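Taking it in order: structure first as structure tokens, then the write-up.
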Number of protein chains: 2
Amino acid sequence: MEDHSKNLIKYNDKEFNCSLAFALQLIGDKYKSLIIYHLKDGPQRSGELQKSITDISNRMFTYSIRALEKDQLVKRKVYPVTPPKVEYELTEVGKTLIPIVLELNKWGQEFAKKHYLYAPAE
Amino acid sequence: MEDHSKNLIKYNDKEFNCSLAFALQLIGDKYKSLIIYHLKDGPQRSGELQKSITDISNRMFTYSIRALEKDQLVKRKVYPVTPPKVEYELTEVGKTLIPIVLELNKWGQEFAKKHYLYAPAE
DNA sequence: CCGTATCCTTAGGGATACTG
DNA sequence: CAGTATCCCTAAGGATACGG
């Protein structure tokens with residue numbers, strides 16, 4: 001029976017003394033958790049997924065999804081057809097993040113309501 | 001009865017069409033959620049708090065804590081003594097983030113265990 | 001349709017030094 | 001002790017163009 005809480009995590013030549021800092025390295029940037037959120041209901045075509053995330057550039061979409069793939073949170077499926085068709089979906093480990101992003105999403109929603117930040121409906 | 005899910009959130013001259021993106025703006029950077037995590041058990045002296053977050057520079061500590069303060073997630077208490085003493089603590093709204101950062105922390109821990117990323121104990 | 005590559009700009013963030 | 005200010009550098013990230 002070991003207490004891991006003080007132990008060092010090593011990943012890709014980087015070191016983390018806190019598992020939260022480590023988790024943030026994996027999904028804590030501007031787009032990764034948005035991608036996970038938009039994959040929560042199942043596989044998505046590449047183009048659709050990218051369009052669903054407003055204001056993401058092509059470059060950052062590719063960059064983020066490749067990183068998620070490398071960390072085994074997202075799976076890539078290529079259909080050998082013309083024109084090419086690619087789908088992304090969460091892996092089993094990736095799915096364990098869904099409750100967290102859902103909670104954070106809900107938190108943001110409630111914060112915005114409480115502070116009256118929602119723009120009036122047109 | 002309104003569905004806010006598609007509505008626009010406006011905050012500090014920025015616009016967000018997704019409450020998750022908005023939440024990430026508030027706490028999704030490299031240090032803010034670490035600060036919240038380290039304040040979870042109550043008020044902390046400024047110096048102690050900063051030391052508890054390894055590898056944060058003075059500049060980024062100040063920057064992050066000021067942002068959290070401005071967003072009313074963290075409260076600052078100044079004791080008028082010499083030498084100066086300053087404490088930070090979570091506001092009521094800030095406290096509602098604790099379960100989320102705890103979950104994310106736990107997730108990182110389990111991911112690290114599963115992939116054998118913990119460095120061997122010396 | 002999907003992805004990579006290149007170029008370029010901005011913002012994130014460290015180090016140091018200095019004030020109340 | 002707590003915080004600000006300056007300097008400077010690296011990396012995040014947008015725009016565009018091109019290839020399978």
Side-chain angles (χ1 to χ4, degrees), chain A residues 11-18 20-22 24-35 38-39 43-71 74-89, chain B residues 11-18 20-21 24-36 38-39 43-71 74-89:
Chain A
Y11 193 62
N12 292 339
D13 297 328
K14 289 183 186 172
E15 304 191 336
F16 305 88
N17 37 34
C18 164
L20 178 58
F22 171 61
L24 289 169
Q25 162 79 15
L26 293 183
I27 58 143
D29 79 348
K30 201 174 169 187
Y31 299 111
K32 286 180 190 168
S33 35
L34 283 174
I35 291 179
H38 285 280
L39 284 176
Q44 283 271 324
R45 274 195 78 155
S46 182
E48 295 303 310
L49 178 58
Q50 182 168 350
K51 258 184 292 177
S52 72
I53 300 167
T54 359
D55 292 331
I56 194 174
S57 66
N58 191 264
R59 191 180 166 284
M60 285 316 292
F61 177 73
T62 311
Y63 174 86
S64 307
I65 203 101
R66 289 285 170 277
L68 289 170
E69 229 185 311
K70 203 164 67 61
D71 294 334
V74 161
K75 214 165 23 195
R76 183 168 181 258
K77 285 184 359 194
V78 184
Y79 298 84
V81 293
T82 17
K85 174 179 170 180
V86 174
E87 276 186 355
Y88 292 105
E89 70 177 310
Chain B
Y11 193 61
N12 291 339
D13 296 329
K14 290 183 184 171
E15 303 191 338
F16 305 89
N17 37 33
C18 165
L20 177 58
L24 288 169
Q25 161 80 16
L26 292 184
I27 58 144
D29 80 350
K30 201 174 169 187
Y31 297 112
K32 286 181 192 168
S33 35
L34 284 174
I35 291 178
I36 288 163
H38 285 280
L39 283 177
Q44 284 271 325
R45 272 194 80 153
S46 183
E48 296 303 310
L49 178 58
Q50 183 169 349
K51 259 185 292 179
S52 73
I53 300 166
T54 359
D55 292 330
I56 194 175
S57 66
N58 191 263
R59 190 180 167 285
M60 284 317 291
F61 177 73
T62 310
Y63 175 84
S64 307
I65 204 100
R66 289 285 171 278
L68 289 170
E69 228 186 310
K70 203 164 68 63
D71 294 334
V74 162
K75 211 164 25 192
R76 185 168 180 259
K77 286 189 348 200
V78 184
Y79 298 83
V81 292
T82 18
K85 175 178 169 181
V86 174
E87 276 187 355
Y88 292 105
E89 69 177 310

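These numbers were taken from a predicted model, which means no experiment stands behind them. Residue numbering restarts at 1 for every chain, and letters A, B, ... go by the order of the sequence lines.
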Spacing of Q50(B) atom CD relative to dT4(D) atom P, expressed in whole Å: 12 Å
Among dG13(C), dG3(D), dC1(C), the one nearest V86(B) by side-chain distance: dG3(D)
L49(B) CG to dA2(D) P, straight-line distance once rounded to whole Å: 10 Å
N/O (side chain, S46(A)) to phosphate O (OP1/OP2, dC1(C)) under 4.0 Å: no
Inter-residue atom distance K30(A).NZ - I56(A).CD1, 0.5 Å rounding: 9.0 Å
Candidates dG20(C), dG3(D), dG3(C) - which lies nearest the side chain of P84(B): dG20(C)
Short side-chain N/O contact to dC1(D) OP1/OP2 from T82(B), under 4.0 Å: no
Straight-line distance of S46(B) OG to K51(B) NZ, nearest 0.5 Å: 10.5 Å
Whole-Å gap separating C1' (dA12(D)) and NZ (K32(A)): 12 Å
Those residues that, when tested against K85(A), pass side chain to side chain contact (heavy atoms under 4.5 Å, CB included) (two or more places apart): R45(A), Y79(A), V81(A), E87(A)
Interatomic distance, L24(B) CG vs dA12(D) P [rounded to whole Å]: 17 Å
Gap between atoms NZ and P, on K30(B) and dG12(C) respectively (whole Å): 12 Å
Neighbours of DNA chain D within residues 51-62 of chain A, by heavy-atom distance under 4.0 Å: D55(A), S57(A), R59(A), M60(A)
Spacing of NZ belonging to K32(A) relative to CG belonging to L34(A), to within rounding of 0.5 Å: 12.5 Å
Value in whole Å for how far the P atom of dG3(D) lies from CD of E48(B): 13 Å
Residue-phosphate contact under 4.0 Å: Y63(B) side-chain N/O, dG14(C) OP1/OP2: no
Distance, rounded to the nearest Å, where I65(B) contributes CD1 and dC1(D) contributes C1': 15 Å
Test item: N12(B) and Q25(B) side chains (from C-beta on) under 4.5 Å apart, heavy atoms: no
Sugar-phosphate, base or nothing in reach of Y88(A), heavy atoms under 4.0 Å: sugar-phosphate
Value rounded to 0.5 Å, distance of CG in L68(A) from CG in L39(A): 8.5 Å
Spacing of Q25(A) atom CD relative to dA12(D) atom P, expressed in whole Å: 9 Å
Side chain proximity check, E48(B) to H38(B), heavy atoms < 4.5 angstrom: no
